[in-house]
S.K.: 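One structure coming up, written as structure tokens, with questions to follow.
Owing to the predicted nature of the structure, the values given are computational and were not obtained by experimental measurement. Both counts, for ligands and for their atoms, begin at 1 and track the order of listing.
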Amino acid sequence: MNSGTYRCLEIFSKSSGEGRITVRNQSNRTEETKHCQYDWLKFVLEPNCEYELDVENAVIGLIYLSGNDNVMETGVAYLDWDETEKKIVCKSKEEQYDTCYREQYHFVPWKNWMNDPNGLCWYRGYYHMFYQTNPYEQHWSNMYWGHAVSKDLIHWTHLPIVLAPQPEALKQADHIKSGAFSGSAVAMEDQVFFYLTRHYGPLEDGPDTIEEQWMTSSRDMLHFEPEQRSISEKPEGASFDFRDPKVLKVGENWYLVLGTNLNGKAAILLYRSSDGKKWNYVHPLLIEQTERIRCFECPDFFELDGHYVAIGAWMSHYDEQGRYQMSRYYIGNWKEETLEVEQSGWFDFGSNCYAMQSFEHEGRRISIGWVSDFYGEYIPVENGANGSMTIPRQLHIKHGRLIMNPVEEIYRLKENVLYVGKKERIQLDEITGNCYYAKIHFEKNTDFSILLGKEEDRAIYFKNDSDGVRIETYGVKTEGIKFQADVTEVKELEIFVDRRLVEVYINDGEAVGTKIFYHSDKNGCFILDGADMEAVSYAEVYTMRSIWH
Ligand code: FRU
């Protein structure tokens with residue numbers, strides 16, 4: 001391997017015994033050996049030199065080159081590691097990215113596990129997205145913060161991982177759960193403050209679980225100041241679930257919201273600060289009266305269109321339709337540090353969208369959610385990525401509802417016309433690449449069904465009839481669950497299909513549903529049928545370009 005312009009080799013390696021990794025500079029015949037257990041190793045490299053790697057008794061989860069001057073532009077250079085041969089192999093970018101189980105125009109990590117978006121902000125010319133990641137495996141484990149940047153919210157550049165679990169906890173990683181859990185960022189002129197939860201405890205959460213709030217800051221978004229404890233006050237009655245700080249400024253005051261369970265009810269707690277560093281507990285911002293929610297996770301709180309909105313993810317909760325872990329929004333007025341809730345609704349009716357986080361940039365409130373796999377539908381493959389992000393959504397309030405539309409930048413990816421027409425059935429059985437966008441206008445509400453994916457006896461539909469407006473799946477683990485949108489009629493639809501992912505926007509953002517659907521084929525379909533296709537006043541279907549080329 002040639003180091004090119006890079007000056008650092010970062011390796012995430014795991015070993016149950018005495019792992020050893022040696023990096024040999026073949027140009028000047030020097031070498032360095034590091035021992036590893038469950039470690040993030042960093043080797044200093046000389047640019048433009050040939051290197052060789054020896055790995056003994058260790059498994060490599062992720063490996064990349066970093067440390068070049070313009071990393072925000074180039075990103076890290078991932079290396080393909082062949083675990084059987086124990087050597088770096090050369091694969092094309094297409095081999096890694098162009099698979100049927102990987103989104104082509106949604107954000108997805110290079111490989112392994114990803115969950116919540118963290119620290120979303122715009123700073124010095126880039127949108128920054130951090131995210132919860134396990135760089136070693138394709139399942140959740142001790143948490144790191146991954147990092148990516150974008151200039152347009154659509155094309156992302158992968159950057160080095162920034163935060164790691166507590167080193168002392170990693171040494172006992174087989175029976176301790178730990179990590180840099182979710183949090184947020186506030187960008188200022190010349191630095192960014194970050195707020196996060198540090199988690200430490202047994203594999204099964206319980207009274208021995210410790211969740212603490214910490215903060216750090218960065219000026220270049222690559223190097224971070226040592227973390228400081230930010231909150232020590234925990235209200236009486238709050239459970240061990242006590243996490244995911246989201247910070248906002250209202251006038252001169254800073255507020256921080258945290259998710260917890262307060263005396264048996266899911267709650268969002270409110271803290272105040274004059275400097276963003278020292279926090280005082282105010283009171284609960286919100287207590288959800290619904291029973292059997294373990295806690296709120298990843299709360300958000302912001303001003304929007306003259307109202308205030310709180311959003312929280314309902315942990316371990318099934319709704320009456322059988323949907324698991326939905327997120328709810330609460331719209332209200334903000335008076336004397338109290339949110340007087342007037343309306344509420346589901347953030348996403350598809351139940352594969354969780355832990356959304358929003359931020360504001362140039363007047364737009366933009367939100368990104370984690371496309372979660374709550375029903376265990378993920379299919380592990382070599383170098384696979386488990387987890388992706390929704391299209392960034394711009395938020396508004398209209399008629400007491402939270403309105404969500406894809407950010408306008410997404411339409412730049414529309415490529416080839418597959419269909420434009422009206423007043424007829426549409427049958428596209430073989431959409432090469434299975435990456436498309438469809439828009440339909442209905443003159444009046446009418447019954448219809450759209451087939452959005454099919455393989456053998458498995459299928460995913462979007463339907464509107466006397467049973468409601470909904471996503472329905474067959475032959476997969478979610479069969480029988482009604483992913484129903486809270487709308488009574490459909491006037492307009494936008495559908496994004498991206499390999500294993502479907503996102504449906506109804507009536508200009510009145511309701512949005514995200515659902516995953518795995519099929520082992522890169523060909524997709526779009527078949528619109530119904531008794532009265534005269535009601536279709538306009539329809540278009542376009543292929544979408546990949547963001548990874
Ligand atoms: C939500 C969540 C957060 C937590 C993080 C850990 O998906 O459970 O509450 O901070 O994920 O990865």
S.K.: I'd like to know whether the aromatic ring centres of Y505 and F496 sit less than 6.0 Å apart in this structure.
M.R.: yes

S.K.: Would W140 count as a polar contact of ligand 1, with the cut-off being nitrogen or oxygen pairs under 3.5 Å?
M.R.: yes

S.K.: Going by the atom numbers of ligand 1, which of them fall below 4.0 Å from some non-hydrogen atom of S182?
M.R.: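 The atoms of ligand 1 under 4.0 Å from a heavy atom of S182 are 5 (C), 10 (O).
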
S.K.: Tell me, please: is T197 in heavy-atom contact with ligand 1, that is, under 4.0 Å?
M.R.: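 No, T197 has no heavy atom closer than 4.0 Å to ligand 1.
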
S.K.: May I ask you to identify the nearest protein heavy atom to atom 8 (O) of ligand 1, giving residue, atom name and distance to one decimal place in Å?
M.R.: E297 OE2, 2.6 Å

S.K.: For ligand 1, which atoms sit closer than 4.0 Å to a heavy atom of Y354?
M.R.: 1 (C), 7 (O)

S.K.: Check ligand 1 against M143 and write out every atom of the ligand that is under 4.0 Å from a heavy-atom position of the residue.
M.R.: 12 (O)

S.K.: Can you list every pair that meets salt bridge (Lys or Arg N to Asp or Glu O under 4.0 Å) and has a residue in residues 144-171, with sequence neighbours left out?
M.R.: E73-K151

S.K.: Tell me if the centroids of the rings in F517 and H519 come within less than 6.0 Å of each other.
M.R.: yes

S.K.: Which protein heavy atom lies closest to atom 6 (C) of ligand 1, and at what distance to 0.1 Å?
M.R.: Q132 OE1, 3.1 Å

S.K.: If we only count heavy atoms from C-beta on, is the I21 to F43 side-chain gap below 4.5 Å?
M.R.: yes

S.K.: Considering heavy atoms of the protein only, find what lies nearest to atom 10 (O) of ligand 1 and give residue, atom and distance to 0.1 Å.
M.R.: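 Nearest neighbour among protein heavy atoms for atom 10 (O) of ligand 1, to 0.1 Å: D244 OD1, 2.6 Å.
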
S.K.: In the protein, what heavy atom is nearest to atom 7 (O) of ligand 1, and what distance, to one decimal place, separates them?
M.R.: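 The closest heavy atom on the protein side is D116 OD1, 2.8 Å.
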
S.K.: Do Y271 and W254 touch side chain to side chain, with heavy atoms closer than 4.5 Å?
M.R.: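 No. Closest side-chain heavy atoms not under 4.5 Å.
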
S.K.: Between F462 and F349, how do the two ring planes meet: parallel, tilted or perpendicular, split at 30° and 60°?
M.R.: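 The arrangement is tilted - the two ring planes meet at 30° to 60°.
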
S.K.: Return the minimal non-hydrogen interatomic distance between F130 and G119, and the atom names on each side.
M.R.: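 Minimum heavy-atom contact is CD1-O, 3.5 Å.
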
S.K.: Hey, does L170 have a side-chain heavy atom less than 4.5 Å from the side chain of W40?
M.R.: no

S.K.: Which ligand 1 atoms, with their elements, are less than 4.0 angstrom from a heavy-atom of N115?
M.R.: 5 (C), 6 (C), 7 (O), 11 (O), 12 (O)

S.K.: Do any nitrogen or oxygen atoms of R243 come within less than 3.5 Å of a nitrogen or oxygen of ligand 1?
M.R.: yes

S.K.: Just jot down the ligand 1 atoms closer than 4.0 angstrom to any heavy atom of W370, in number order.
M.R.: 7 (O)

